[in-house]
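These notes are about the structure you will find just below.
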Amino acid sequence: MWNSPKVGILGGGQLGRMLVESCNRLNIQANVLDAENSPAKQISFHDGHVTGSFKEREAVRQLAKSCDVMTAEIEHVDTYALEEVASQVRVEPSWQAIRTIQNKFNQKEHLRKYGIPMADHRELVENTPEELARVGEQLGYPMMLKSKTMAYDGRGNFRVNSKADIPEALETLKDRPLYAEKWAYFKMELAVMVIKTKDEVLSYPTVETVQEDSICKLVYAPARNVPEAINEQAQALARKAVSAFEGKGAFGVEMFLLEDNSLMLCELASRIHNSGHYTIEGCALSQFDSHIRAIMDLPIPAKSLEIRQPSVMLNIIGGATPDSHLKAAEYALSIPNASIHLYSKGAAKPGRKMGHITVTAGTMHEAETMIQPLVDVVDEMRA
Ligand code: ATP
Ligand code: MG
Ligand code: MG
C-alpha cells in the first residue's frame with residue numbers, strides 16, 4: 001500500500017474540490033493552496049492547507065514543503081515558482097507543459113510541430129487597428145480575436161464579424177497579448193479527457209459539448225450521432241496532442257468537428273476539465289480519480305474509463321439573481337437519476353460556474369428527456 005502520501009493542489013475552486021473528493025476516498029491528504037475557506041478547503045479538515053495564491057512564489061514554496069507530489073486545478077499558475085520547486089517535489093504535469101499550455105498561442109505553435117490540425121491563426125504584436133485589418137484580410141471574416149493568456153469561459157475571445165468590428169474588438173482586448181484565428185465552421189464541438197500516466201496515454205470516450213456565449217453549457221457522453229470511427233479519431237487526435245507534453249495527469253482536449261467530418265483542435269488544458277465532469281457518475285473512475293492515480297503512479301485499468309451509462313451534464317451558471325443557481329439545484333432534486341454538485345462558491349455572479357447536474361440513463365434519449373425540464377429552468381434564469 002502507499003504510505004500516507006500527500007498531494008499539493010494549486011487552486012481550491014470547484015475542480016480542486018472534486019479532486020479532494022477523490023483524494024478523500026483513497027485516504028490521501030490533499031493540501032490546497034488558495035484563499036481560506038475556498039470550495040476545496042471546505043471539505044477537507046486538516047492543518048496542511050496553505051493560505052495564499054497560486055500566483056505567489058512564496059506560497060508555492062510553502063506548499064512544496066508539505067507534499068510529495070504537486071498538481072494544479074488551473075493552468076494560470078506561476079510556472080516559475082513550479083520550476084523552482086521541481087527540484088524538491090514532483091510537479092505533475094511538468095511546469096514546462098503548464099507554461100506552454102497556459103499561453104494559447106504558444107500552445108498552438110508547439111502543437112503545430114506535431115502535426116495537430118488547428119484553425120489557421122496569426123499573432124498580433126502591435127494590437128493596432130491597422131495590424132488587425134491586415135490579419136483580417138489574410139484570415140477572412142468572421143474571425144475570432146483571442147487573448148493568448150488568462151483566457152477562460154470565452155473571456156478573452158471576441159468575434160470580429162467584419163472590419164467594422166475592429167475598434168470594438170481592440171477596445172475590449174487590446175491590453176492583452178493577442179492572436180487571431182480563422183473562423184471554424186463546425187457542426188459540433190467534441191471533447192476528450194486524456195490521462196497521461198508514467199507509461200501510457202489513455203483516453204475517455206469522445207463527448208459532445210455545447211457552448212453558449214462561449215461557456216460550456218451541456219455535455220453529452222457519448223457524443224450524439226457520431227459514428228464510431230469519429231469517436232476513435234477524436235480520441236486518437238487528443239492522445240497525440242497530449243503526447244506532445246511532458247508530465248502525468250488529466251488533460252482536457254477540445255475539438256471542432258467540421259462539415260466534412262474532419263477534426264480540428266480548439267485548445268487543450270493541462271488539467272481536469274468541465275467536459276469531463278460526467279465521468280463522476282458515468283464511468284467507474286472519474287477524471288478526478290484518474291488524475292490522482294496518474295500523478296501517484298497508481299494503476300488505472302483502461303476499462304474503468306469506459307462509459308457505463310449515457311450521461312448528460314448541465315452546468316449551473318450564475319444567473320440574474322445571487323441565488324438563482326439554488327433554484328435550479330432545488331428543481332433538480334426531483335429529477336430522476338440526477339446527481340447534483342454545488343460548488344459552495346457563495347453568492348453567484350452572472351456567468352460564474354456555481355454547480356452542475358449529471359443525469360445518467362439506459363439510453364441517451366431517456367437521459368435527454370429527464371434533464372430537459374431542468375434545461376428549461378436554467379434557460380429561464382439566465383442573466
Ligand atoms: P475555456 O473555458 O474552454 O478555457 P476559452 O476561453 O479558452 O474557453 P476557447 O476554447 O478558445 O476559449 O473558445 C471558446 C468557444 O468559442 C469554443 O468552444 C467555440 O465555441 C468558440 N470558438 C473558439 N474558437 C473558434 C473559432 N476559431 N471559430 C469558431 N468558434 C470558435
Ligand atoms: Mg481555454
Ligand atoms: Mg475552450
Side-chain angles (χ1 to χ4, degrees), residues 11 13-15 72-77 97-98 100-112 116-124 132 135-136 138-161 165 169 172-173 176-194 206-220 223 234 238 241-242 245 250-259 262-277 287 313 315 317-318 351-353 356:
Q14 71 267 24
L15 299 174
E73 64 147 13
I74 179 169
E75 60 272 34
H76 308 301
V77 297
I98 300 175
T100 305
I101 288 168
Q102 70 181 192
N103 179 312
K104 288 163 75 168
F105 180 75
N106 293 349
Q107 173 192 136
K108 284 172 183 168
E109 289 299 290
H110 180 75
L111 287 169
R112 204 215 298 264
I116 303 297
M118 281 168 290
D120 196 8
H121 52 268
R122 296 280 185 285
E123 181 174 26
L124 273 83
L132 189 53
V135 168
Q138 291 166 6
L139 298 178
Y141 296 98
M143 63 178 170
M144 192 71 102
L145 184 63
K146 292 189 171 187
S147 174
K148 293 178 181 174
T149 58
M150 298 300 293
Y152 70 100
D153 292 346
R155 296 174 215 192
N157 285 2
F158 195 103
R159 177 182 167 143
V160 186
N161 287 317
D165 288 346
T172 312
L173 293 174
R176 303 171 72 170
L178 300 177
Y179 73 108
E181 242 174 54
K182 196 178 170 75
W183 197 257
Y185 290 93
F186 56 80
K187 59 178 178 187
M188 198 188 259
E189 291 193 77
L190 301 177
V192 169
M193 285 309 306
V194 174
T206 305
V207 304
E208 173 187 352
T209 66
V210 177
Q211 272 58 237
E212 204 169 76
D213 302 331
S214 281
I215 305 182
C216 175
K217 178 184 183 186
L218 283 156
V219 173
Y220 297 88
V242 170
F245 296 97
F251 292 76
V253 183
E254 301 173 21
M255 285 162 280
F256 300 130
L257 179 64
L258 305 180
E259 290 297 338
S262 64
L263 290 162
M264 222 180 222
L265 182 119
C266 169
E267 62 160 349
L268 63 77
S270 52
R271 53 171 170 79
I272 54 284
H273 194 263
N274 196 170
S275 65
H277 290 355
Q287 59 165 345
M313 191 248 17
N315 272 334
I317 293 169
R352 196 170 188 210
K353 289 173 181 165
H356 76 265

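Numbering of ligands and ligand atoms starts at 1, following listing order.
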Leu132 and Leu124: side-chain contact (heavy atoms from CB on, under 4.5 Å), yes or no, with the steps? CA-CA 7 Å; Leu132 189 53; Leu124 273 83; 4.0 Å; yes

Can you confirm, on distance only, whether ligand 1 has an N/O atom lying under 3.5 Å from any N/O atom belonging to Gly154? yes

Got a second to check how far Ile215's CD1 is from Lys353's NZ, nearest 0.5 Å? 7.0 Å

CG-CG distance between Leu265 and Leu190, expressed to the nearest 0.5 angstrom: 11.5 Å

For Tyr185, is the nearest heavy atom under 4.0 Å from an atom of ligand 1? no

What's the shortest distance from atom 12 (O) of ligand 1 to any protein heavy atom, and which residue and atom give it? Lys104 NZ, 3.2 Å

Taking a cutoff of less than 4.0 Å between a non-hydrogen atom of the residue and any ligand atom, is Arg159 in contact with ligand 1? no

Which of the listed options, Glu267, His273, Lys146, holds the heavy atom that is closest to atom 11 (O) of ligand 1? Lys146

Could you check Arg159 against Asn157 for side-chain hydrogen bond (donor to acceptor under 3.5 Å, both in side chains), going step by step and ending with a plain yes or no? CA-CA 7 Å; Arg159 177 182 167 143; Asn157 285 2; over 6 Å; no

Atom 27 (N) of ligand 1 sits nearest the protein heavy atom Glu181 OE1, 2.9 Å

May I ask you to identify the nearest protein heavy atom to atom 2 (O) of ligand 1, giving residue, atom name and distance to one decimal place in Å? Asp153 N, 2.6 Å

In sequence, state the C-alpha distance, the side-chain angles, and the governing distance for Glu254 and Gln211, and then conclude on side-chain contact (heavy atoms from CB on, under 4.5 Å). CA-CA 11 Å; Glu254 301 173 21; Gln211 272 58 237; 5.8 Å; no

Side-chain (Asn315) to main-chain (Cys216) donor-acceptor, under 3.5 angstrom: yes

For ligand 1, does Ala269 get within less than 4.0 Å through its side chain, its backbone, both, or neither, judged by non-hydrogen atoms? neither

May I have the step-by-step check of side-chain contact (heavy atoms from CB on, under 4.5 Å) for Met264 and Phe186, ending in yes or no? CA-CA 9 Å; Met264 222 180 222; Phe186 56 80; over 6 Å; no

May I ask you to check if ligand 1 and Glu254 share an N or O to N or O distance below 3.5 Å? yes

Just to confirm my numbers, could you give the angle made at the Mg ion (ligand 3) by OE1 of Glu254 and OE2 of Glu267, rounded to 10°? 110°

Crowding at OH, Tyr152 (>12 non-hydrogen neighbours, <6.0 Å): no

Could you tell me, atom by atom, which parts of ligand 1 come under 4.0 Å of a heavy atom of Phe186? 20 (O), 29 (C), 30 (N)

Could you identify the single nearest non-hydrogen protein atom to atom 13 (O) of ligand 1 and state the distance to 0.1 Å? Asn157 ND2, 3.0 Å

Side chain, backbone, both or neither: which applies to Asn274 and ligand 1 if a contact is any heavy-atom pair less than 4.0 Å apart? neither

Closest approach of any protein heavy atom to atom 21 (C) of ligand 1, naming residue and atom: Met144 CE, 3.8 Å

Reported CD-to-OH distance for the pair Glu123 and Tyr179, which is rounded to 0.5 angstrom: 11.0 Å

Derivation and outcome, side-chain contact (heavy atoms from CB on, under 4.5 Å), residues Arg112 and His121: CA-CA 11 Å; Arg112 204 215 298 264; His121 52 268; 4.1 Å; yes

For ligand 1, is there an N or O atom under 3.5 Å from any N or O atom of Phe256? no

What is the closest protein heavy atom to atom 28 (N) of ligand 1, and at what distance does it sit? Ala184 N, 2.9 Å

Nearest protein heavy-atom contact for atom 16 (O) of ligand 1: which residue, which atom, what distance? Ser214 OG, 3.4 Å

Numbering as shown, the atoms of ligand 1 that approach Tyr152 to under 4.0 Å (heavy-atom distance): 2 (O), 4 (O), 6 (O)

Please state which protein non-hydrogen atom is closest to atom 18 (O) of ligand 1 and give its distance, to 0.1 Å? Glu189 OE1, 2.7 Å

Output for pair (Thr172 OG1, Phe158 CZ), nearest 0.5 Å, gives 4.5 Å

Hey, what do you get for CD1 (Ile101) to CG (Leu111), rounding to the nearest 0.5 Å? 7.5 Å

